[in-house]
Amino acid sequence: MGQMSEQIQTTGNIADAVDEVLSDNSHQVVSRERYTIIDHLSHFSGLAVSQFYILCGAVTLFEVISRYVFHSPTQWAFEVVMVLCASAWMLSAGYVTLKQSHIGITVFYILVGERTRWTLDLFAMCVGVVALYLLIADAAIHALAAVDMVERAGSAFNSPQPMLLKSVLVVGCTIYLAQLLVNLHRHFANPILKALVSIVSALIVLRLALVVAGHYMGETSTIGEMDMWFTGIGESLDPREFYDVRDHSIGWITIVIVASLVLLMMTGMPLGIVTLIVSVICAVLFFGPKGLYLVSTNAFGLLEKYPLVAVPLFVLMASILERAGIAEDLFDAMSVFAGNLRGGVAVQTVAVAVVLAAMSGVMGGEIVMLGLVALPQMLRLGYDRKLTVGVICASGALATLIPPSIVMIVYGLSADVGIGDLFLAGAAPGLMLATFYAAYVLIRCYFTPSLAPTAKEVAERSGGDATLSSHRKTAVALCLVLISSVLGSIYLGVASVTEAAGVGVFGAIAVAAVRNRFNWGLLQTALAGTMNTVGTIIWLILGAVSFVGIYNLIGGAEFMRSLFTGMGLPAIGVIFVMMGILVVLGTFMEWIAIVFITVPVFAPVIVDLAPELGLDPAWAAVWFGVLFVMNIQIYFLSPPFGPACFWLKSVAPPEITLQEIFIAVLPFIVLQIIGLLLVMFIPDIALFLPKLLNG
């Protein structure tokens with residue numbers, strides 16, 4: 001009982017530990033003692049729905065076994081997984097907001113004074129309240145209609161999936177809004193301003209209550225008439241009655257939209273709120289108050305994207321492996337790659353990074369693992385500090401390219417490209433870059449022996465040798481089995497990417513169990529970390545999807561397509577322009593925002609240019625996906641905002657400065673650019689494998 005109590009206590013502190021790592025340090029997380037009822041609801045709901053991810057993995061694994069072992073596919077697994085995953089995405093919003101973990105661009109935010117930060121936070125919360133209220137007010141109407149008719153999927157199982165997804169969207173947004181209002185109330189010290197927030201909150205509750213009550217009591221009832229009165233006020237404020245934005249060209253509108261996005265992002269506002277409020281404003285300006293239907297419809301459509309389920313499952317798999325300490329065994333087991341070479345341990349680190357990338361697809365966790373395991377070891381053995389730091393950062397970033405890459409999954413969803421084909425196309429370029437890194441290390445160490453010791457010198461300093469013990473062989477075998485089960489099932493067409501991710505979760509659990517590291521505390525920590533990580537991502541995707549959908553509807557996609565094709569540049573010149581745009585955006589924008597804002601515009605242009613590029617249109621989008629991901633990989637390392645450098649700094653010794661890390665990665669950025677150019681001018685480097693396996 002004592003041990004169980006200790007585990008429960010440990011689990012109770014899981015979320016706080018995770019948030020301390022994932023949240024921006026400039027924000028103060030509220031202590032449990034100061035929690036309100038809404039805070040407790042957000043905290044509990046977040047940790048509760050995190051359990052849904054392991055259920056998603058279990059149901060997915062059951063479906064794979066039923067289909068391929070017993071030849072009896074289920075009719076219910078797909079819909080159950082979608083509802084569980086969507087519920088976890090939406091209902092974790094309050095937790096993420098409570099802990100202030102939403103993704104925002106804080107580079108400029110942290111440079112301003114305390115008073116300016118307070119003002120920016122106030123502005124962000126007010127904008128968030130407006131955006132969420134407008135989204136809920138419209139989505140609630142459609143959710144209530146779905147509940148009335150018990151809207152069903154129309155599949156063989158015919159579950160009420162659409163009804164549940166629309167309902168959970170409204171509930172999740174409501175929890176998000178409620179927590180945001182509590183944060184806003186807490187933001188003020190002045191009792192008058194606190195009272196004002198309370199009044200606004202009461203009015204929002206009243207309005208939403210009228211929407212629900214009016215729906216069921218009818219328009220002729222007193223409540224219904226009050227609801228219609230409020231609705232009439234909204235319709236009378238239709239901006240089209242005062243100003244017709246369509247009088248302006250789509251080019252000027254695009255400039256204003258981009259400028260608005262950039263300005264709002266620079267405030268440090270959560271990126272999901274930035275894209276959501278811009279999409280709401282565009283919808284209202286172009287289509288009036290009823291245009292909000294487009295926003296809620298796009299948001300609902302996101303919850304139906306089954307391949308997106310693979311993201312939390314791969315994140316969970318990586319989280320379990322990270323906490324099981326598999327990187328330590330891998331680093332020891334891969335000592336065979338060190339050979340009798342000067343700089344061999346650095347080559348060993350690259351090999352470990354490739355295996356970790358193939359097991360997780362999550363770059364941040366991989367760099368942290370390498371920083372905790374390889375960095376101390378290499379420094380202790382006398383490796384040059386800059387060489388060590390550069391190798392770890394560059395190798396860790398391979399997880400963006402080597403499958404199963406989360407970045408590729410998101411690209412595939414945005415560009416409507418087969419994720420399996422993207423995984424196959426990314427494998428060869430990823431291994432090519434790993435080879436470049438290893439060759440660079442060996443060449444530099446050959447000409448400058450002081451940079452790294454030989455294998456003999458390593459053995460003398462460590463008091464051991466490079467032979468493989470049974471423990472190390474077991475670690476390698478387990479890793480190979482996990483990689484084979486996940487990637488092999490995708491490449492051979494045995495399972496979809498999402499199904500393979502479900503298999504991978506339980507493969508990671510098996511690895512942790514064999515290492516005697518798997519327990520309740522590890523599982524809960526991994527689930528809480530997954531919930532927090534995915535919860536920050538999903539709202540950014542939701543806002544971006546809504547924005548892109550509306551922008552395309554007003555003619556934005558066609559305008560951008562004509563803009564690129566009308567430049568008078570050859571097809572390869574257009575590619576260079578696109579790569580340049582991605583580089584610029586990467587200096588201040590999160591990768592996932594870049595994907596959803598640019599890919600829906602760029603991908604159709606690439607398909608149109610395919611004949612001029614000498615490519616089949618279907619393969620052109622896959623090839624561009626690899627170029628896109630390689631560009632994102634460069635962004636992860638590039639100063640001054642390279643996330644990989646910040647992740648390594650978080651676990652590096654104090655004497656290693658951020659400036660030193662940025663300098664250390666520069667040679668590897670050059671290698672990445674060379675790799676990008678090779679794939680650009682020789683597409684078959686990426687396309688050979690998927691073409692071969694697709695016949």
(request) For the residue pair Phe314 and Phe423, categorise the inter-ring angle as parallel (less than 30°), tilted (30 to 60°) or perpendicular (more than 60°). (result) perpendicular
(message) Could you walk me through whether Leu542 and Trp89 satisfy the side chain to side chain contact (heavy atoms under 4.5 Å, CB included) test, starting with their C-alpha distance in whole Å, then the side-chain angles of each, then the deciding distance to 0.1 Å, before giving a yes or no?
(response) CA-CA 10 Å; Leu542 186 149; Trp89 294 339; over 6 Å; no
(request) Give, for atom OG of Ser484 and atom CG of Leu482, the distance between the pair rounded to the nearest 0.5 Å. (result) 8.5 Å
(message) Determine whether Met317 and Phe506 satisfy the following criterion, side chain to side chain contact (heavy atoms under 4.5 Å, CB included), listing intermediate values before the conclusion.
(response) CA-CA 8 Å; Met317 182 177 77; Phe506 286 89; over 6 Å; no
(request) Identify whether the distance between the nearest side-chain nitrogen and carboxylate oxygen of Asp227 and Arg207 falls below 4.0 Å. (result) yes
(message) Is any side-chain heavy atom of Arg67 closer than 4.5 Å to one of Glu499?
(response) yes
(message) Return the CG to CZ distance between Leu553 and Phe287, rounded to the nearest 0.5 Å.
(response) 4.0 Å
(message) Tell me the closest heavy-atom pair linking Asp421 and Pro690, and the distance in Å.
(response) O-CB, 4.1 Å
(request) Locate the shortest heavy-atom distance separating Ser221 from Gly224; write the atom from each residue and the value. (result) OG-N, 3.0 Å
(request) If the plane angle is over 60° it's perpendicular, under 30° parallel, otherwise tilted; pick one for Phe628 and Tyr411. (result) tilted
(request) Report the residue from Val626, Leu692, Leu615 that forms a side chain to side chain contact (heavy atoms under 4.5 Å, CB included) with Leu687. (result) Leu615
(message) Measuring centre to centre across the rings, with the benzene-like ring taken for any Trp, is His142 within less than 6.0 Å of Phe300?
(response) no
(request) Drop me the distance from Ile509's CD1 to Ile320's CD1, to the nearest 0.5 angstrom. (result) 4.5 Å
(message) Between Tyr293 and Asn298, is the side chain to side chain contact (heavy atoms under 4.5 Å, CB included) condition met? List the steps.
(response) CA-CA 9 Å; Tyr293 170 75; Asn298 285 328; over 6 Å; no
(request) Assess the side chains of Gln51 and Gln524: does a donor N or O sit below 3.5 Å from an acceptor N or O? (result) yes
(message) Please tell me whether Trp76 and Phe62 form a close aromatic pair, meaning their ring centres lie under 6.0 Å apart.
(response) yes
(message) Just verifying a value: how many Å separate Tyr216 OH and Asp148 CG, rounded to the nearest 0.5 Å?
(response) 4.5 Å
(request) Would you check if the side chain of Arg152 reaches a backbone N or O of Asn158 as a donor-acceptor pair within less than 3.5 Å? (result) yes
(request) Could you go through the side-chain hydrogen bond (donor to acceptor under 3.5 Å, both in side chains) check for Ser159 and Glu79 one step at a time? (result) CA-CA 7 Å; Ser159 73; Glu79 292 169 28; 2.3 Å; yes
(message) For a quick test of reading the model, state the closest non-hydrogen atom pair linking Gln179 to Asp39 and the distance between them.
(response) NE2-OD1, 2.8 Å
(message) Keeping Ser45 on the side-chain end and Ser42 on the backbone end, is there a donor-acceptor pair under 3.5 Å?
(response) yes
